[in-house]
*Asks:* 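Sharing a structure below in structure tokens format, with a few things to ask.
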Number of protein chains: 2
Amino acid sequence: MTTLAEVAARAGVTPATVSNVLRKRGKVGEATRQRVLDAVDALGYRPHLTARALAEGSAPTLALMVSSIANPFYPEFALAAERTARKNGRFLIVCNTNEDPAIARAYLDQIAGTLSEGVLVMNARLDFDDLDKTLARGTPIVLCMWERPDVSPGLPCVAVDFFAAGTLAARHLLELGHTRIGAIVASQRDGVQAARYEGFCHTLRAAGVAHAEQDVRFTRDEVQHGYDAACELLSACPDLTAIFATNDLPALGAMHAAADRGMRIPEDLSVIGITDIQLARESRPGLSTIAVPTDAAAAMAVELLEALIENGGREKEAPMRVAPDPVLVQRASTGRVRGV
Amino acid sequence: MTTLAEVAARAGVTPATVSNVLRKRGKVGEATRQRVLDAVDALGYRPHLTARALAEGSAPTLALMVSSIANPFYPEFALAAERTARKNGRFLIVCNTNEDPAIARAYLDQIAGTLSEGVLVMNARLDFDDLDKTLARGTPIVLCMWERPDVSPGLPCVAVDFFAAGTLAARHLLELGHTRIGAIVASQRDGVQAARYEGFCHTLRAAGVAHAEQDVRFTRDEVQHGYDAACELLSACPDLTAIFATNDLPALGAMHAAADRGMRIPEDLSVIGITDIQLARESRPGLSTIAVPTDAAAAMAVELLEALIENGGREKEAPMRVAPDPVLVQRASTGRVRGV
DNA sequence: ATGAAAGCGCTAACAC
DNA sequence: GTGTTAGCGCTTTCAT
């Protein structure tokens with residue numbers, strides 16, 4: 001490993017000067033500048049990020065903590081976040097907590113504030129206590145994809161109106177004439193995804209459409225779980241003409257379940273999800289869904305985090321930035337209710 | 001931020017002692033140990049990873065460089081790699097080069113050897129020159145998923161016999177009676193994925209089955225590109241009864257293309273891919289594919305990298321570890337050739 | 001325009 | 001058992 005000192009020696013100057021030319025700081029004579037640059041080149045010198053980080057206080061890195069990198073939504077978000085981070089010369093490192101709070105805590109303890117200047121948190125299954133502690137130690141955090149613009153999580157966040165997303169989905173189905181609609185919620189009843197379901201229920205209620213306890217299943221954000229839930233739903237309520245899922249993955253699973261029962265989509269069953277992940281476009285038939293502004297939210301989250309970092313962390317209130325509203329993307333999985 | 005020194009002060013000892021109790025090194029009296037632990041607790045002290053890294057020489061981190069985190073194969077690999085890395089207390093940070101060699105180089109320059117002890121490289125579109133330079137600076141690198149166990153890339157690597165994978169795919173199709181087989185290769189003709197296609201061609205040739213220039217398309221590892229390529233293939237050669245794709249994503253695209261042309265799968269067209277990503281299981285119909293030992297390869301790559309790190313980097317030859325061979329996973333997308 | 005020196009927070013000999 | 005002392009590689013005043 002080549003060090004600053006070695007470069008300095010070869011160029012016949014002191015480390016301070018090398019540092020200056022590299023960071024384009026202070027005044028350095030053109031001649032020495034060249035000599036230094038040549039030495040850097042000859043030695044293949046690369047600044048030691050860790051040493052620099054120690055001296056400066058932190059590394060130019062943002063951490064993105066996700067609960068499961070296997071969920072295709074996260075990579076899409078990560079991609080957008082990275083693009084924004086790199087604009088300001090920062091690296092984005094993604095930390096996969098594997099749905100395990102202990103791992104999440106380990107990352108938070110170790111990475112936050114040392115290897116990274118700040119952390120973006122995405123459904124990482126960490127309780128607010130851990131987050132608060134990290135925050136207290138002075139590392140900025142922003143919650144990505146908070147689901148309710150109307151209530152603050154008490155932490156800096158980027159919110160998307162998922163209640164509205166649920167509303168849009170319900171309205172779309174209603175407009176197509178559906179009145180017997182099953183629901184698949186990809187979380188616990190009181191989980192983070194509840195707002196989506198509430199929006200859905202609220203809209204049904206306002207329209208005077210019944211939605212009973214047996215019309216809903218609570219499960220996880222995976223294709224297979226959506227498949228299973230849809231099977232149950234379709235068996236329990238054969239009169240269902242549509243299924244709403246709070247996430248695209250289980251919606252896809254519901255489509256498969258329907259297909260396996262010989263139902264045609266959308267003739268026999270309409271299916272709609274939320275998010276508009278890439279798979280929604282690529283499935284057959286294409287999945288109708290409520291598109292969430294993933295890229296915008298990611299960019300906003302990074303920008304907010306960077307603002308907090310500049311700011312030094314002393315905010316009065318936990319700031320919230322609200323991303324653009326979700327919009328309906330109609331594809332081939334939803335259609336008018338079948339004639340009776 | 002709480003520092004070691006502050007903890008030491010509060011516990012009435014020196015930093016060295018605190019360090020010792022924290023790292024369970026050296027001998028420390030039980031009483032002082034408790035006092036130190038209490039102080040740590042009271043102050044909410046967390047070791048500063050950067051400082052520790054500087055003092056020790058490197059951070060307990062492995063970097064995984066991928067060209068596009070959006071490709072669902074990478075997360076699966078990353079997941080397995082992370083599990084292995086964490087066994088030895090290391091973190092895995094994934095760096096997305098976004099298919100851009102410049103970004104790749106930036107990551108390599110900045111992260112390798114400073115923020116991370118070693119780097120795992122996955123199709124990251126970096127040329128061997130950059131890798132060699134990094135290696136020369138003393139940071140171990142291992143190439144993951146090298147496609148040819150029989151030829152060394154000149155860098156430490158984990159190889160999977162993708163030639164064999166192509167062979168298996170071809171053999172499967174042949175056994176089902178197909179003789180008019182189209183191919184979709186998810187890379188340039190001379191790209192990394194060439195071995196798969198070579199294995200395929202070799203087997204066809206050995207069986208005396210013709211495969212002409214017009215029966216193949218070179219494209220990219222994405223559903224949409226597979227879709228487009230399949231459309232071209234199916235138009236140009238309407239007599240095709242099967243399509244082999246070097247990757248699952250384009251294979252999925254081919255299935256969609258067939259469906260859109262009113263062809264039934266597998267009655268009218270058989271489709272087979274390589275890798276066995278999760279989507280292959282979840283698609284309808286399920287995609288027959290040649291399963292690659294992703295988890296095993298990831299574990300081996302991490303272990304090899306860790307070995308190189310321990311070793312200090314002075315290897316005689318670039319070591320290669322060969323992962324278990326690919327195996328056929330037959331699902332519903334392949335069937336006997338349609339009767340004529 | 002360039003150099004000297006202190007220090008970021010921690011570890012690791014070695015001395016007491 | 002516990003303290004002392006040197007760094008790790010870099011940045012950053014402050015002199016010169």
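Just so it is clear: chains get the letters A, B, ... in the order the sequence lines come, proteins before strands, and each one is counted from 1. Keep in mind that the numbers below use all heavy atoms, side chains included, and drop hydrogens, waters and symmetry copies.
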*Asks:* Quick one: A:R33 CZ to C:dA1 P, roughly how many Å, whole number?
*Replies:* 13 Å
*Asks:* Give the nucleotide from the list D:dG3, C:dG9, D:dT11 with an atom nearest to the side chain of A:R23.
*Replies:* D:dT11
*Asks:* C:dC10 P sits how many Å from B:N20 CG, rounded?
*Replies:* 14 Å
*Asks:* Specify the residue among A:T50 and B:T17 whose closest nucleotide of DNA chain D lies further upstream toward the 5′ end.
*Replies:* B:T17
*Asks:* Can you check whether B:T61 reaches B:L92 side chain to side chain, under 4.5 Å on heavy atoms?
*Replies:* no
*Asks:* Nearest-Å distance, CZ (B:R46) to P (C:dC10)?
*Replies:* 12 Å
*Asks:* When the distance from CG of A:L49 to C1' of D:dG9 is rounded to whole Å, what number comes out?
*Replies:* 12 Å
*Asks:* Look at atom CD of A:Q34 and say whether more than 12 heavy atoms of other residues, nucleotides or ligands are closer to it than 6.0 Å.
*Replies:* yes
*Asks:* Within this structure, what is the CG-to-P distance between A:L22 and D:dT11, rounded to whole angstrom?
*Replies:* 7 Å
*Asks:* If you check the A:L54 side chain, which of D:dG9, D:dT11, C:dA12 turns out closest?
*Replies:* D:dG9
*Asks:* How about CD on A:E317, more than 12 heavy atoms from neighbouring residues, nucleotides or ligands closer than 6.0 Å, or not?
*Replies:* no
*Asks:* Distance check needed: C:dA1 C1' versus A:R25 CZ, whole Å only.
*Replies:* 17 Å
*Asks:* Quick one: is B:R52 getting a side-chain N or O under 4.0 Å of the C:dT11 phosphate, OP1 or OP2?
*Replies:* yes
*Asks:* Tell me what A:S19 touches on the nucleic acid: a base, only sugar-phosphate, or nothing, going by heavy atoms under 4.0 Å.
*Replies:* base
*Asks:* Applying the side chain to side chain donor-acceptor pair (under 3.5 Å) criterion to B:R46, which one of A:T114, A:T139, A:D109 satisfies it?
*Replies:* A:D109
*Asks:* Could you check A:E56 against B:A51 and say which one's nearest nucleotide on DNA chain D is further toward the 5' end?
*Replies:* B:A51
*Asks:* Is it the case that over 12 heavy atoms from other parts of the model lie below 6.0 angstrom from the CD atom of A:E56?
*Replies:* yes
*Asks:* Rounded off to whole Å, could you give me the CZ-to-C1' distance for the B:R35 and D:dG1 pair?
*Replies:* 12 Å
*Asks:* Near DNA chain D, under 4.0 Å by heavy atom, which residues of residues 4-16 of chain A?
*Replies:* A:L4, A:A16
*Asks:* Please report the closest heavy-atom contact between B:L4 and B:Y45, naming both atoms and the distance.
*Replies:* N-CE1, 3.5 Å
*Asks:* Is the shortest side-chain N/O distance from B:T32 to OP1 or OP2 of D:dT2 below 4.0 Å?
*Replies:* yes
*Asks:* For residues B:V292 and B:M145, determine if any side-chain heavy atom of one lies less than 4.5 Å from a side-chain heavy atom of the other.
*Replies:* yes
*Asks:* Whole-Å distance between D:dT12 C1' and A:K24 NZ?
*Replies:* 18 Å
